[in-house]
Protein chains: 2
Amino acid sequence: MTRSSGIDVAVSTAILTLRRTERGVVLSLPLVRRTREPFADRWALPGGWLTATEAPVGAAARTLAETTGLAPSYLEQLYAFGAVDRSPSRVVSIVYWALLRSDQVDAQSAEYRRTGLSPENVRWFDADDLPALAFDHAQIIEYALWRLRNKVGYSRVAQGFLPEEFTLAELREAVETILGRRLDPANFRRQVESSGTLIATDEFRTGNHRPARLYRSSPDAELADRGPLSSEEMSIR
Amino acid sequence: MTRSSGIDVAVSTAILTLRRTERGVVLSLPLVRRTREPFADRWALPGGWLTATEAPVGAAARTLAETTGLAPSYLEQLYAFGAVDRSPSRVVSIVYWALLRSDQVDAQSAEYRRTGLSPENVRWFDADDLPALAFDHAQIIEYALWRLRNKVGYSRVAQGFLPEEFTLAELREAVETILGRRLDPANFRRQVESSGTLIATDEFRTGNHRPARLYRSSPDAELADRGPLSSEEMSIR
DNA sequence: GAGGTTAAAGTCATCATGACCAGAAGTTCC
DNA sequence: GGAACTTCTGGTCATGATGACTTTAACCTC
């Protein structure tokens, strides 16, 4: 039994976030334009190569910061791909999916404006309106969305999209966007209140309606379910 | 941005099955004894190296056959590990988990006896009574068991342990073993009948009791949930 | 044929869910 | 300042799923 003699391991990440557009809140994610073959000029998930001295999840966070400047609030491994026909050369790629809080998107945009570094090669796309993608990244994003929709039913992932304090209506809007259907406000309130994952604050958000109480995530509960190794993976902050 | 310059990619598999022992039915899995460093003489998950010309899932099935002679009825990717301290040399390992039908275990044992090839380095262990394992394989098996217990609630994975035809009591016994608690026979029947995943046959299993109807899995439903790529992964037969 | 054993069908209370209603408490418009 | 409007928030009610339990069926062993 001999060794596999050197395979290149790529790491890439589908960073999902919610953006407020004129069409309402939509799921969207940043893509980077490839500068070299294969698939030059096509859009792809941000990523890079795993180096010899880092863990895969660290490589995902590092390449994410390098290519987009973003630091997600949640990072979880999605799948390891390695079909031989996936690319001309043999590559194994470990794909992660991440959640980004909507306020971090705005902060990043402001940072772009401040530094004048307008990233020509990074652009946000709506998840339901993607361009032609490199490799099989379209399928990968499809799978990431499936995982997200799945998890929103039994975990608190939706809270990973929201800032520290939020109203129940905002949380419900996030869940509605993920699931693609409207939810009854009263029933949603009943469910999330009995789940014990939220802490009520004494602050309220005013607006063209009765003031809505602000909530924050309860600190003890995990954002999603467990991973294989408590040390290596899962929520990074 | 330069390439990662050659990482060895290992593939290993946790093959779960149900064995009938004097303590009743228990979850168990085969382990192989390592013959070289690191962790020489320790027990480990069967596996091998990914070659340049095969898909990871194919490598999992191949190395499984080579080291244990087993061909599982279900094979799904579990996780890709790659912590730098996982082994002296840098290795990324893609771990799969598999289900083996109990009748296949017996067939394999008979084959061993027939060929006289008693595999000194392969042995079955009960999942709740494992020896000291190489690498972090104990944690990996723990995670595989967690995934199994999780999936048994919303999918038909338990049927992957049973032969083609089985009684509801046998299916219930499999689920009970996975979950580690007893289930009400009548309620279990009601649930599984309304789920539509079984087809009733006209045959019965007799015994020291009223005859029990035999069922088979309905062919249209998948054994578990979807994977990322319909072509590459999931159930292999 | 009696007794034992499990299969299979049914009953009942409880809990979660979805649909819906009504009052509360702000803003906006006149 | 008050009416109109909007959404928040607490509540009811019917329905379906679930768990605990009972009853009858049909085989085997003695």
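In what follows, every chain begins at residue 1, and chains take the letters A, B, ... in the order their sequences are listed.
Of the possible donor and acceptor atoms, one in the side chain of B/Y96 sits under 3.5 Å from a partner among the backbone N and O of B/V57. Side-chain atoms of A/D184 come within 3.5 Å of backbone N or O of A/N187 as a donor-acceptor pair. Put simply, the side chain of A/T68 never gets that close to the backbone of A/A65: no donor and acceptor are under 3.5 Å apart. Side chain of B/E203 to main chain of B/R213: no donor-acceptor pair is present (N/O by atom type, distance under 3.5 Å, no hydrogens or angles). For B/S194 (side chain) and B/Q191 (main-chain N/O), a donor-acceptor pair under 3.5 Å exists by modelled atom type.
For B/N187 and C/dA7, the CG to P distance is 14 Å, given to the nearest whole Å. Nucleotide C/dC21 holds its C1' atom 11 Å from the CG atom of A/D184, rounded to whole Å. As rounded to whole Å, 13 Å separates atom C1' of C/dA24 from atom NE2 of A/H209. The distance from atom CZ of B/R213 to atom P of C/dA7 is 14 Å, rounded to the nearest whole Å.
Non-hydrogen atoms lying under 4.0 Å from DNA chain C are contributed by B/A169, B/R172, all within residues 165-181 of chain B. Only B/N208, listed by number, bring a heavy atom of residues 199-208 of chain B to less than 4.0 angstrom from any atom of DNA chain C.
Minimum heavy-atom separation, A/W97 to A/L78: CD1-CD1, 3.6 Å. Shown here for B/L100 and B/W124, the closest heavy-atom pair between the two residues is CD2-CH2, 3.7 Å.
Residue pairs meeting the ring-ring contact (aromatic ring centres under 6.0 Å, His included) criterion with at least one partner in residues 145-185 of chain B, sequence neighbours excluded, are B/Y143-B/W146.
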Q: Could you walk me through whether A/R19 and A/D126 pass the side chain to side chain contact (heavy atoms under 4.5 Å, CB included) test, one step at a time?
A: CA-CA 8 Å; A/R19 277 198 311 164; A/D126 293 355; 2.8 Å; yes
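In terms of polar N and O atoms assigned as donor or acceptor, the side chain of A/R190 comes within less than 3.5 Å of the base of C/dG18 in a complementary pairing.
A 4.0 Å heavy-atom criterion places the boundary nucleotides of DNA chain D facing chain A at D/dT6 to D/dT12, written 5' to 3'.
Residues meeting the salt bridge (Lys or Arg N to Asp or Glu O under 4.0 Å) test with A/E142, sequence neighbours left out: none. B/E170 pairs by the salt bridge (Lys or Arg N to Asp or Glu O under 4.0 Å) definition with B/R205, not counting sequence neighbours.
Between A/A186 and A/P211, the residue anchored closer to the 5' end of DNA chain C is A/A186, taking for each the nucleotide with the nearest heavy atom.
Between B/R189 and C/dA8 there is a side-chain polar atom (N or O) within less than 4.0 angstrom of OP1 or OP2.
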